[in-house]
There are 2 protein chains.
Amino acid sequence: MTISEENYIKVIYHLSLVSPKGVNTNAIAGMLDTKASSVTDMMKKLSDKDLVSYQKYQGVTLTEKGLHSAKMIVRKHRLWEVFLVDKLGFSWDEVHEIAEELEHIKSEQLINKLDAFLGYPAADPHGDPIPDAKGVIKKIEKQLLSEVEINASFHCVGVKDSSTDFLKYLDKQKIALGSVVKVIDKEDFDDTLTVEIDGKRLTISNKIANNLYVQ
Amino acid sequence: MTISEENYIKVIYHLSLVSPKGVNTNAIAGMLDTKASSVTDMMKKLSDKDLVSYQKYQGVTLTEKGLHSAKMIVRKHRLWEVFLVDKLGFSWDEVHEIAEELEHIKSEQLINKLDAFLGYPAADPHGDPIPDAKGVIKKIEKQLLSEVEINASFHCVGVKDSSTDFLKYLDKQKIALGSVVKVIDKEDFDDTLTVEIDGKRLTISNKIANNLYVQ
DNA sequence: TTTTATTTTTAGTTTTGTCTAAATTTAATT
DNA sequence: AATTAAATTTAGACAAAACTAAAAATAAAA
């Protein structure tokens, strides 16, 4: 499997989680910053290799084989992210790009030894679950901060949108995975929250609360 | 710089150490398992990028820029090898291939953080020196075991040929970097050595002794 | 249900890195 | 010094992965 093929498989996997009936050409092109025609070409190739099932104009889904490949790529990506943050001291907004490269390193032995070295982590630095060596993903039960009841306490366990801007905002406010959050008050007009994070009081917009997972 | 370009630069660097006057096309082709005509094509491209200086039929040498790039690739390769052996528990005959992939990961920050994480090692698991962030390589004074005087004691510090077969031989004989070697006797006829390694007596062919560096 | 708009695919090119086969240059030998 | 041998380069072709522009299919709107 080439790097390019792996990138297509990975994108189809992520889009499948949102639209499991079939992923359309334009969506893939958008994610990969390429053109729809290039996607069509690649779908034929991946279909020949039995990694996706594809019928003209009908969108694509991953085959069993393709799904497994996708999970292994995601596994590698997330394990490398843990390594970069826990061992090398990167902050969580810096690791995505580097992990995009590292996820294409081929050795299966490497990734399993890395997994052991890291202590078999369940989630990456953004709170996303890490598939095990067989591809099994343990679901992490979590709610968006925007949806929890008032006056209960939670732990931050992940982010929905992991764009650099959002992660930098969290860093600035000293919000990290594991931080304890308690919703003190919710404004009816615009859903702005007053929260207490690690004992510090903070006002948070609905957009922020809608991007932060708690448990 | 593409992965292919980096591989050419790296090979030219290694060949330059043996023939500093200029590396010839066929030698490069041999190392990269490609054809001489492909090498010629690539030399034009690398020359345009000012990474090598190249004149038809006259062989190539690295430019200042090319030399620096080569050292950075070697730095990455050897640091990753240290990581694989010291942190992940690979044996020294398993790491080369994986490091061949890892050496092409782009981030400079990554490699400097990795260097720090590993404790700024001076040499890789085969005893080869690791260039620092500026490209400076501290020479390791070393002699081939085949060339040392009888009855003196040394430490193993590296290997010349790091082929899998040779490394496996060393593993089998429990010879590792750091092992203490004392030459007891040398056969005049075929230069076979009788040595004591970590207290254990062993007979070693000249071919072996000629591949093992001591200090 | 036509017509229009959008999405997707086809057809034909481009670039990168490779190849083969032929031509050229350098090195070696007589 | 002329001839042969070896190494190197050119010319032309190919596969992978991308592109543009045009054609075809599907979805949306009148």
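Chain naming here is simple, since letters A, B, ... match the order of the sequence lines and numbering starts at 1 in each. This structure is a prediction, so every number in the text was calculated from the model and none was measured.
Residue pairs meeting the salt bridge (Lys or Arg N to Asp or Glu O under 4.0 Å) criterion with at least one partner in residues 163-177 of chain A, sequence neighbours excluded, are absent. For the salt bridge (Lys or Arg N to Asp or Glu O under 4.0 Å) condition, the pairs that include at least one residue of residues 2-18 of chain B, sequence neighbours left out, are Glu5(B)-Lys45(B), Glu5(B)-Lys49(B), Glu6(B)-Lys106(B), Lys10(B)-Glu100(B), Lys10(B)-Glu103(B). For residues 61-76 of chain A, the pairs satisfying salt bridge (Lys or Arg N to Asp or Glu O under 4.0 Å) are Arg75(A)-Asp115(A), with sequence neighbours left out. Contacts classified as salt bridge (Lys or Arg N to Asp or Glu O under 4.0 Å) and involving residues 130-150 of chain A (residues at least two apart or in different chains) are not found. Listed by first and then second residue, the ring pair (Phe, Tyr, Trp, His ring centres under 6.0 Å) pairs that reach into residues 5-28 of chain B come to none, sequence neighbours excluded. Identified under the ring pair (Phe, Tyr, Trp, His ring centres under 6.0 Å) test for residues 91-124 of chain A, with sequence neighbours left out: His77(A)-His96(A).
Phosphate contact (OP1/OP2 of dT26(C), side-chain N/O of Lys56(B), threshold under 4.0 Å): absent. Residue Thr40(A) places none of its side-chain N or O atoms closer than 4.0 Å to OP1 or OP2 of dT10(C). Thr34(A) has a side-chain polar atom (N or O) that falls below the 4.0 Å cut-off from OP1 or OP2 of dC19(D). For Tyr8(A), a side-chain nitrogen or oxygen approaches OP1 or OP2 of dA18(D) to under 4.0 Å. For the OP1/OP2 pair of dT16(C) and a distance below 4.0 Å, the side-chain nitrogens and oxygens of Ser4(B) include no atom meeting the criterion. Contact between the side-chain N/O atoms of Asn26(A) and the OP1/OP2 oxygens of dT8(C) is found at a separation under 4.0 Å.
For the pair Ile3(A) CD1 and dT16(C) C1', the interatomic distance rounds to 14 Å; values are reported in whole Å. Straight-line distance from the CG atom of Asp48(B) to the P atom of dT15(C): 15 Å, rounded to whole Å. Taking atom CD on Gln55(A) and atom P on dT8(C), their separation rounds to 15 Å, with Å as the unit. Per the geometry, CE belonging to Met43(A) stands 13 Å off C1' belonging to dT8(C), to the nearest Å. Distance Asp41(B) CG to dA13(D) P: 15 Å, rounded to the nearest Å. The distance from atom NZ of Lys44(A) to atom C1' of dT10(C) is 7 Å, rounded to the nearest whole Å. Separating the CG atom of Asn7(A) from the P atom of dA18(D) is a distance of 9 Å, rounded to the nearest angstrom.
Within a heavy-atom distance below 4.0 Å of DNA chain C, no residue of residues 9-20 of chain A is found.
In terms of position on DNA chain D, the residue among Ala36(A) and Gln58(A) whose nearest nucleotide sits closer to the 5' end is Ala36(A).
Among the protein residues, Asn24(B) comes within range of the sugar-phosphate backbone only, with heavy atoms under 4.0 Å from sugar or phosphate atoms but none that close to a base.
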Strictly under 3.5 Å: I want the nitrogen or oxygen pairs between protein and nucleotides 20-24 of chain D, one per line.
from: dT20(D); atom 1: OP2; to: Lys35(A); atom 2: NZ; distance (Å): 3.1
from: dT20(D); atom 1: O4; to: Ser37(A); atom 2: OG; distance (Å): 3.0

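Geometrically, Lys160(A) does not engage Tyr213(A) in a cation-pi contact defined by less than 6.0 Å to the ring centre and at most 45° from the axis.
Side-chain atoms of Thr63(A) and Ser53(A) include no donor-acceptor pair closer than 3.5 Å.
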CA sep, side-chain torsions, deciding dist, call: Phe83(B), Phe90(B), ring-ring contact (aromatic ring centres under 6.0 Å, His included): CA-CA 9 Å; Phe83(B) 171 71; Phe90(B) 279 95; 9.0 Å; no
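Remark: Gln173(A) engages Tyr169(A), Ile175(A), Leu202(A) in a side chain to side chain contact (heavy atoms under 4.5 Å, CB included) (not counting sequence neighbours).
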